[in-house]
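Right, one structure below, let's go through it.
Residue numbers count from 1 along this sequence. All ligand and atom numbering here is 1-based and tracks the order in the structure.
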Amino acid sequence: MAETLHRLRSWLGVLLVAMVLPAASVSVASADQPDGEVGTQIVGGTRASTSTYPWVVYLATSSGFQYCGGTLVAPNKVVTAAHCTEGDSPSAVRVVAGRDDKNSTAGTVAKVTKIWIHPSYQDVTIGNDVSVLTLDRNLSQRTIPFATSADSALYAAGTSSRILGWGTTSSGGSASRYLLTATVPLTSNSTCKTAYGTDFNATHMVCAGYSQGGTDTCQGDSGGPLVAGGKLIGITSWGEGCADAGYPGVYSRVSTYATAIQQQINS
Ligand code: ARG
């Protein structure tokens, strides 16, 4: 039951978007649509190892069900999406580090002692889809620095960025057993505005994807990293369908939240 709730929650972003978009595009997000994607991983990605990307982690229920991603930014702090942790009690969340294959027991499972959710978070299309978890231990995995206000250059349109996650390999499809990765170019703010209108807020969000689609994060990747220039620049948040032409993935713009994240690290 908890797993169903988590699954519903992690898909909520997509459903919300589908609700506010015109009827013609609502069908794009429906779970029964034929899967037109060619790629078989993230959407359009390849397998990756946590030895290469040690700071990528996943969130699981106490029974081990993976439902979101996250990023280790300090030995005991994980950045994820607010829509991944909203309504959760810390005791219900596990952070799994160093495990490429969800069916293995590799790596470390940490418990969560505190969940911080951005105080202005309401829903993904308003923004502030940011959460920081405090772990019950310091993990040995290497952390990654996150973008600050000094890093605006990392957000230039066309910048190649890396997405990572254990989420579904097509919209409405099944989750990946293995960690997957792909690179996608950041879009300009105007491109993202064209796609999403007033749901896109350039202060809170940044978009990434090819104009022709084909490569994207998808359900279950939320909370996970968007990385450029060796820094965490985005948090997987929402999108219309997955990997559809004209609809890039939307990520929380980490630089906007750097001060708040740093405060949580210091706390
Ligand atoms: N909301 C999804 C999740 O919770 C992430 C969706 C990302 N969608 C996209 N088209 N990039 O896992």
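Residue T217 holds the heavy atom nearest to atom 7 (C) of ligand 1 of all those in D216, D221, T217, V184.
Only the backbone of C218 comes within 4.0 Å of ligand 1, judged by heavy-atom distances. Neither the backbone nor the side chain of C84 has a heavy atom within less than 4.0 Å of ligand 1.
The closest side-chain heavy-atom distance from V96 to V57 is not below 4.5 Å. By the 4.5 Å heavy-atom criterion applied to side chains, P90 and T113 are not counted as neighbours. With a 4.5 Å cut-off on side-chain heavy atoms, L226 and L232 do not count as touching.
The shortest N or O to N or O distance between T236 and ligand 1 is not under 3.5 Å. Inclusion of Y251 in the set of residues having an N or O under 3.5 Å from an N or O of ligand 1 is not warranted. The shortest N/O to N/O separation between C242 and ligand 1 does not fall below 3.5 Å. For ligand 1, one of its N or O atoms has an N or O atom of H83 under 3.5 Å away. Considering backbone and side-chain N/O atoms, C68 never comes within less than 3.5 Å of an N/O atom of ligand 1.
In this structure, G165 does not count as a contact residue of ligand 1, since none of its heavy atoms falls inside 4.0 Å of the ligand. Judged by the shortest distance from any of its heavy atoms, G241 lies inside the 4.0 Å radius around the atoms of ligand 1.
Close contacts of ligand 1 with G249, meaning ligand atoms under 4.0 Å from a residue heavy atom, involve 11 (N). In the vicinity of S237, heavy-atom distances shorter than 4.0 Å reach the ligand 1 atoms 1 (N), 5 (C). Short contacts between ligand 1 and G220, defined as distances under 4.0 Å to a heavy atom of the residue, involve ligand atoms 3 (C), 12 (O).
One side chain, S188 or T191, offers a donor N or O that lies under 3.5 Å from an acceptor on the other. Judged purely by distance below 3.5 Å, without hydrogens or angles, the side chains of H83 and Y121 never pair a donor atom with an acceptor atom.
Rounded to the nearest 0.5 Å, atoms OG (S120) and CG (D129) are 12.5 Å apart. Distance check, rounded to the nearest 0.5 Å: CZ of R253 to CG of L154 gives 11.0 Å.
Note: the hydrophobic cluster containing Y178 does not contain V109 (ILVMFWY, side chain heavy atoms under 4.5 Å, direct or indirect links).
No donor-acceptor distance shorter than 3.5 angstrom exists from the side chain of D244 to the backbone of Y247, with no hydrogens or angles considered.
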